[in-house]
Amino acid sequence: MIDTNEVDVDALVIGGGIAGLQSAIDLANQGFHVLVVEKQPSIGGKMIGLSKVFPTLDCCSCICTPRMAEAEHHPNIEIMTYSEVRQIHRKNRRFLVGIVKKPRYVDEDKCTGCRLCEYACNTDLPHEFEGNLGVRKAIYVPFTNAVPQVALLDIDNCILCGRCEKACPAGAIDFLQEPENVHVRARAVIVATGYEMIPANFKKEYGKGQLRNVLTALQMERLLAPHGPYGRVLRPSDGKEPDSIAFVQCAGSRDHSAGVPYCSRVCCMYAIKQAMLLSGSLPLADLTIYYMDIRAFGKGFEQFFQNAKAMGIEFVKAKVARIGEDEQQNPVVRVEIMEEDGRVEERTHDMVVLSLGLVPAWNPRQAGLAAPADDGFITCVQPSLAPCRTPEEGVFVAGAAAGPKDIPDSIVEAGAAALEAAAYLRGLSSAANPAKSHRHETVEPSTVAGEEQ
Amino acid sequence: MVQPPAPEAELDLSFLEHLLASPDGEPILSCMQCGTCSGACPLGHAMEYPPRAMILQARVGDMSPVLSSPSVWMCVGCYTCTLRCPREIDLTDTLWPAVRDEALQKGMQPPAELQTAFQNLYMYGNVLGQSPRKRLKWADGLDVPVLDLTKNPQPVEIIWLVGCYPSYYPRNQVVSREFARILTKLEVSWGVLGVKEKSLGDCDRLFGEEGLFETLVESNNELFERHQFKELILLDPHSFRALQQFYPRYGVDIPAQHYVTYLAERIDQLRPLLQKPVNATVTYHDNCCVGRRCACFDAPRELLEAIPGISLVEMARNKDNALCCGGGGGGMWLDAHITEHGGHRLSDERIRQAAETGANVLAVSCPYELSRFEDSAKVVGVDDQLVVRDIIELLAESMGLSEKEKT
Amino acid sequence: MKIVVVLRQVPDLIEPLEIADSGTALDLDGASFLLNESDDHALEQALLLKESVGGTVTVVALDFGDVDNTLYAAAAKGADQIIKIPWENDMPPGPRTAADMYAEVIRAQEADLVMIGCQAHDELQGALGSIMAQTLKLPYLGVIRGVDPSEDPAFVEAFKEFPGAVKARMEVRLPAVLGVLAANEPPRYVPVSRIRAATKSTEFEERETAAEMLDQEITITRIYAPEVGERAEMLEGSESEVAERITEILLERGVLK
């Protein structure tokens with residue numbers, strides 16, 4: 001373990017997803033120095049893996065990549081990828097943050113992202129970014145538009161053949177890299193740790209995640225993305241083009257039995273969006289959405305839902321009780337059809353998509369911050385009036401870390417968190433230097449930062 | 001399928017009110033009509049009014065089409081709907097008994113076999129309609145002493161409530177004798193209630209025969225009060241459940257255990273006694289009450305794995321996702337009703353799943369299951385591959401206490 | 001329609017019947033009693049008629065065996081009036097004595113229709129209904145398998161089945177006595193909670209009768225368990241031996257050729 005020297009910043013942003021990047025950019029544009037810590041090897045979070053956004057159907061890559069690039073190139077933003085915040089310790093009005101930079105076994109400064117290592121490697125592994133539907137090498141650039149464009153070596157699955165090392169023109173491969181402890185001093189923290197999807201095996205009766213043609217919604221996002229694993233929508237078990245695709249809504253949301261009593265907010269809309277995109281790519285396929293209620297509450301959402309119905313997507317009010325499969329590995333869903341003379345039926349589809357609920361990705365306790373709320377998301381002390389504030393002064397929250405929300409809401413909240421953080425930072429400076437505490441005065445944050453010690 | 005009430009019809013919310021007043025009834029208001037219960041129910045496809053639709057009819061105040069439908073008598077008490085409900089509504093123990101009670105109160109007739117079972121319970125205290133005086137017949141010629149506390153009252157550690165099937169049904173009597181030998185071998189201080197023992201009334205409770213249940217609770221309580229003991233041990237998981245969940249509602253709170261947990265607690269004492277290998281590939285069927293409802297999945301497996309020679313394989317559907325045998329909560333007397341109305345015997349489906357594992361023994365821990373699965377094995381035609389044995393029988397065999405060796 | 005039903009207690013066959021030391025009677029000391037099955041049908045038929053045309057159902061029973069349970073259950077099912085005739089003996093009365101007692105009580109009821117099971121398993125000749133009818137000077141029709149109301153309220157329609165699958169519908173002028181074998185529907189199940197409620201709310205009317213114990217015209221000379229006849233042959237041996245022996249027997253008896 002290497003201990004590096006302390007780094008001083010105005011604000012630490014935990015999470016380099018769309019919310020974290022937005023907060024960082026908004027703070028940086030005001031002159032604050034920001035450090036973004038991202039646990040994945042690339043920034044971009046969940047959004048960069050999605051196909052399109054609802055309800056406008058803008059391409060996610062097209063609108064997310066510029067933000068990633070902006071953050072990467074911003075003079076006031078420093079980004080640490082493949083790094084995890086281990087501890088946040090408040091000392092006076094400052095946070096001492098312990099970060100572990102995991103070894104990439106590739107020197108970030110030397111790597112040019114040329115991918116020659118990737119082409120040389122002959123170990124094929126399931127690609128996590130593609131929802132394990134595609135294949136990656138043991139050494140790989142995380143994905144096409146990853147930021148930074150730096151390779152990463154999966155040491156657990158590497159056979160240490162040394163081909164990559166020979167292939168690398170920059171001499172960037174370093175098998176001896178070690179985790180690095182980085183000590184950061186920050187005056188404000190924004191938690192933008194986002195969400196994870198509840199694991200597909202959370203409900204035994206949904207096939208324990210072992211039915212091959214039952215996909216998670218994020219896997220379907222990849223199938224629909226322009227640079228997805230197959231380049232088109234095919235079902236995983238046999239590569240067949242599916243004729244009948246069903247969506248199972250509230251798969252792990254609003255469900256006490258799964259431990260997720262809340263509504264995950266985005267599943268209705270992303271399922272409708274996916275169904276719409278599917279009707280574009282597979283015009284003859286039957287598309288069914290099994291739902292409890294359609295919650296189309298946002299701007300343009302209801303119209304989006306009505307359009308989907310008009311397009312012939314079948315909406316069936318029923319929560320799927322069980323998913324099995326037949327001998328051809330076709331998923332079979334057991335549902336109660338509630339319409340006139342309906343009964344409990346078993347319906348066979350070629351493919352089923354679980355609209356999985358959203359669960360928190362990070363527990364603030366593990367870094368020594370205040371415990372999360374009952375639902376596991378970051379506690380907001382004033383959810384109505386100051387939704388970005390947490391129980392700890394100087395710690396703010398943005399995006400899905402505070403609770404499930406969609407991209408526009410995350411971006412709005414990220415801006416709000418940045419604003420709150422900026423006000424807080426300025427408050428700190430005025431307290432430290434009363435002479436400068438004029439309300440309208442422009443503060444040069446980086447100079448103030450030094451004075452406070 | 002939802003029958004909108006005629007506009008002029010008076011809405012009758014009395015059933016809903018009755019439901020809400022029952023313990024654990026309140027969450028029924030939180031039902032969001034998602035239909036998980038209906039789809040989760042292994043017999044949901046055969047129900048005109050599955051649980052969701054029943055709740056809807058209760059809310060609209062029009063229960064009459066529900067009460068006269070065969071659906072009322074199709075639940076076999078497997079608790080799957082309850083465990084799957086996203087709102088944690090206690091359907092099995094609250095909704096179903098209430099609907100059935102309402103049906104009975106409104107004069108609807110339960111299926112004939114069930115009526116007979118009720119009448120037998122009312123008149124003789126056992127479901128089989130056997131003479132109460134023959135309660136101890138199972139112990140005839142037994143080679144270990146059975147302390148009949150009715151004749152020789154004295155303080156004991158445990159009272160073993162033998163149960164109806166284990167007392168009377170020849171196939172189960174074998175298991176009873178072996179259990180008696182195991183208890184004796186473990187040097188437990190135990191006794192039985194002899195001719196005074198009565199059914200605990202588990203099935204009537206689930207079947208809405210609340211009055212009958214009350215009668216049995218009262219007489220059982222009177223009986224228990226006459227004896228000094230630490231806890232009750234039962235072979236029947238349904239009775240265990242009744243004691244644990246429903247007796248306390250009548251102020252009768254007695255420590256009780258199903259035999260699998262009781263024996264699993266004594267695994268260290270058992271282990272050295274399990275000498276003889278029982279060479280078999282065994283798959284275990286989780287019963288609904290001890291298994292799914294009480295989430296006790298390890299104890300039976302621990303017992304089976306302690307037996308030398310046994311290799312345990314799991315069915316695809318196991319533990320909390322296990323398929324019910326269809327015999328619970330009165331299901332033993334509903335096969336005809338259920339098959340007549342589009343359902344099937346769940347034990348037939350389950351025995352196929354057991355056979356698919358390649359096991360040659362299906363291990364069970366519930367008195368109903370022995371006869372149900374043995375019958376189903378013959379019906380389905382897997383009886384040449386698979387035998388059905390209670391865990392007690394497998395333990396007894398390994399301990400050299402099995403019936404075969406004794407006769 | 002005012003209907004009177006006679007309900008009798010018979011020994012429950014769940015326990016083996018014991019023969020008294022005398023060898024000419026049953027020892028009923030340890031026996032338990034229940035409602036006679038065809039009387040149960042008579043009650044059901046009475047309740048069905050009441051539900052279809054209105055009226056009342058009065059139950060008359062001797063205070064014998066576990067009669068109270070039976071009467072509470074009858075009340076729970078819908079009987080309107082319950083009359084109990086005191087009886088102190090260990091054995092039930094013979095049919096002529098019983099007919100006198102019931103008739104005395106029933107006469108005072110001025111019933112339109114009297115129903116009773118057409119037999120009881122301790123009295124297979126089924127005499128009680130007809131003797132009672134004679135005592136009451138009313139017409140009697142026995143072995144009835146269902147009664148429907150008639151368009152003319154002075155009549156009911158009774159059904160009988162004859163050998164050879166022939167059914168007959170009979171108009172019976174009321175008042176009359178019907179000996180019921182089976183009701184239109186099987187006797188109803190009544191939840192125990194109702195019986196428990198009836199136990200608290202039902203009051204029995206007691207009617208002493210002046211009827212005297214009459215001598216039995218029939219004297220029982222011996223009561224005994226059937227003597228074991230030639231026992232069935234148990235086939236032993238392996239499956240194939242048993243199968244072979246079965247085939248032989250079937251051939252011997254001419255079932256197989």
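Chain naming here is simple, since letters A, B, ... match the order of the sequence lines and numbering starts at 1 in each.
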From A/Glu346, A/Arg343, A/Arg334, residue fulfilling side chain to side chain contact (heavy atoms under 4.5 Å, CB included) relative to B/His45: A/Arg334
Part of [X] within contact of chain A (heavy atom distance under 4.5 Å):
| X | answer |
| --- | --- |
| B/Cys41 | backbone |
| B/Pro42 | backbone |
| B/Ile89 | neither |

Could you tell me which non-hydrogen atom of [X] sits nearest to which non-hydrogen atom of [Y], and how far apart they are?
| X | Y | result |
| --- | --- | --- |
| B/Pro50 | A/Glu336 | CG-OE2, 3.2 Å |
| B/Cys85 | A/Ser257 | O-CB, 3.9 Å |
| B/Gly39 | A/Ala321 | C-CB, 3.1 Å |
| A/Lys317 | B/Met32 | NZ-O, 3.9 Å |

Below 4.5 Å from any heavy atom of chain B, which atoms of [X] appear? Answer side chain, backbone, both or neither.
| X | answer |
| --- | --- |
| A/Lys204 | both |
| A/Glu205 | both |
| A/Arg322 | side chain |

Output for pair (B/Ser38 OG, A/Ile337 CD1), nearest 0.5 Å, gives 10.5 Å
For the atom pair CG (B/Leu56) and CE (A/Met338), what is the distance rounded to the nearest 0.5 Å? 9.5 Å
Looking at B/Arg317, B/Arg84, B/Glu88, which has the largest count of heavy-atom pairs under 4.5 Å with chain A? B/Arg84
Decide if atom CG of A/Asn307 counts as having more than 12 heavy atoms of other residues, nucleotides or ligands within a radius under 6.0 Å. yes
For A/Asp374, look at atom CG and say whether over 12 heavy atoms of other residues, nucleotides or ligands are found less than 6.0 Å away. no
